[in-house]
Amino acid sequence: MKRSASRLYMKSLVVALGAVSALAMTGCQSLILGNSETPPRYTLSPVSSAIPGQNQLQTRLVIADPVAEAAFETSKIARSPEPLRYEYFADAEWSDRAPNLFRIFLVRSFENSGRIEAVGDRVTLPIGDFILDTDIRSFHVEMHNGQSIARIAYFARLSDRRNNSIASRLFTVDEPVNGSNLPLSVEALNIAINRVGGDTVNWAVAEIEQRLSENTDS
């Protein structure tokens, strides 16, 4: 009985060690990354360039959770084969729900500009001097006259801590997709959002700077 138990123990130990070695050799892929059939996840690259020769504004900017229609309240990458109709690419997703991804994109873009002392969402920065609200209206690849176009549009409203509206603007951008596959569509969406995101940062910073200047003068 003792010998049988010993052999059983040694056999179990060898199996366990073999499993550990296999996981180590694969980098624990089965535990972290899933198998090769897991669809790729894409993200948005924030506006990366700082605004040169400008002083940092000693103020706090809160990026509120974006509002969006249900078609964009998902991690699926949307496309529109015809007006007023949405469907989704089957072979990949965003790394987060599109509104969350857009909020993170805005926070990091403002941070990268170096113009605002503190930027965050309502969790990391519950109280701010200024609040940026956005309403996503387009965030998809659209077919137009046989051409695929990355289309992004959102309405932005900048307000103060008392919720008094300071400025508002509709931002829109179209970027041609240089091909028909999914990676090129995501690349076009990133190019488009960097273009319009840079405009949003410059616009909001200019409005905040003007308001701070007016408050100082008064």
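Worth saying up front: this structure is predicted, and the values here are computed from it rather than measured. For the single chain, residues carry numbers from 1 onward in sequence order.
In this model, a donor atom of one side chain and an acceptor atom of the other lie less than 3.5 Å apart for Asp121 and Thr124. In this model, a donor atom of one side chain and an acceptor atom of the other lie less than 3.5 Å apart for Arg157 and Asn163.
No path of Ile, Leu, Val, Met, Phe, Trp and Tyr side chains, each step under 4.5 Å between heavy atoms, connects Val62 with Val107, placing them in separate hydrophobic clusters. The cluster map of Ile, Leu, Val, Met, Phe, Trp and Tyr, joined by side-chain heavy atoms under 4.5 Å apart, puts Ile104 and Val186 in different clusters.
Checking side-chain atoms of Arg122 against main-chain N and O of Ile63 turns up no donor-acceptor pair under 3.5 Å. Between the side chain of Asn112 and the main chain of Val47, a donor-acceptor pair closer than 3.5 Å is present. Using a distance-only test at 3.5 Å, with no hydrogens or angles considered, a donor-acceptor pair links the side chain of Asn194 to the main chain of Ser45. Put simply, the side chain of Arg195 gets close to the backbone of Asp174: a donor and an acceptor are under 3.5 Å apart. Counting only distance, with no hydrogens or angles, the side chain of Asn190 and the backbone of Thr43 share a donor-acceptor pair below 3.5 Å. Checked by atom type and distance alone, the side chain of Ser213 never pairs as donor or acceptor with a backbone atom of Glu209 at under 3.5 Å. Side-chain N or O atoms of Gln58 include one that pairs as donor or acceptor with a backbone N or O of Gln56 at under 3.5 Å. Between the side chain of Glu207 and the backbone N or O of Ser159 there is no donor-acceptor pair closer than 3.5 Å. In this structure, the side chain of Tyr42 does not engage the main chain of Glu187 through any donor-acceptor pair within 3.5 Å.
Residue Glu117 qualifies as enclosed at atom CD: its count of foreign heavy atoms under 6.0 Å is above 12. Within a 6.0 Å sphere centred on CD1 of Ile127, other residues, nucleotides and ligands contribute 12 heavy atoms or fewer. Residue Asp91 qualifies as open at atom CG: its count of foreign heavy atoms under 6.0 Å is 12 or below.
At a threshold of 4.5 Å between non-hydrogen side-chain atoms, the residues Ser95 and Leu101 count as touching. Residues Leu189 and Phe139 form no side-chain contact, since every pair of their non-hydrogen atoms from C-beta on lies 4.5 Å or further apart. Looking at heavy atoms from C-beta onward, Val119 lies out of side-chain contact with Leu125 at the 4.5 angstrom threshold. Two residues are said to be in side-chain contact when any heavy atoms from C-beta on lie closer than 4.5 Å; Met143 and Ser80 fail this criterion.
To the nearest 0.5 Å, atom CD1 of residue Ile131 and atom CG of residue Asp160 are 7.0 Å apart. In this structure, Ile208 CD1 and Leu61 CG are separated by 5.0 Å, a value rounded to the nearest 0.5 Å. Atom CD1 of Ile166 and atom CZ of Arg211 lie 4.5 Å apart (nearest 0.5 Å). Note that CD1 of Ile149 is 11.5 Å distant from OG of Ser138, once rounded to the nearest 0.5 Å. Rounding to the nearest 0.5 angstrom, the gap separating the OG1 atom in Thr74 from the CD atom in Glu93 is 6.5 Å. In this structure, CG on Leu132 lies 12.5 Å from CZ on Arg103, to the nearest 0.5 angstrom.
Checked against the 6.0 Å centroid threshold, Phe72 and Tyr86 count as a close aromatic pair.
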Practice problem: For the pair Ile116 and Thr59, evaluate side-chain contact (heavy atoms from CB on, under 4.5 Å) and give the outcome as yes or no after the intermediate values. | Solution: CA-CA 6 Å; Ile116 305 294; Thr59 191; 4.2 Å; yes
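Here Glu111 does not pair with Arg108 in a salt bridge; the nearest charged N to carboxylate O distance is not below 4.0 Å.
With sequence neighbours excluded, the residues that form a salt bridge (charged side-chain N to carboxylate O under 4.0 Å, His left out) with Glu87 are Arg79, Arg85.
Here the closest non-hydrogen pair linking Leu184 and Asn178 is CD1-O, 3.0 Å. Listed here is the closest heavy atom pair of Ala204 and Leu158: O-CD2, 4.0 Å. The minimum heavy-atom distance linking Pro176 with Ala188 is given by the pair O-CB, 3.8 Å. Closest approach of Pro39 and Ala92 over heavy atoms only: CB-CA, 4.1 Å. Closest approach of Ala192 and Ala150 over heavy atoms only: CB-O, 4.4 Å. Considering all non-hydrogen atoms of both residues, Phe89 and Ala78 come closest at CE1-O, 4.2 Å.
Of the candidates Phe155, Tyr154, Phe102, Phe171 forms a ring-ring contact (aromatic ring centres under 6.0 Å, His included) with just one, namely Tyr154.
Hydrophobic side-chain contacts under 4.5 Å tie Val67 to no other Ile, Leu, Val, Met, Phe, Trp or Tyr residue.
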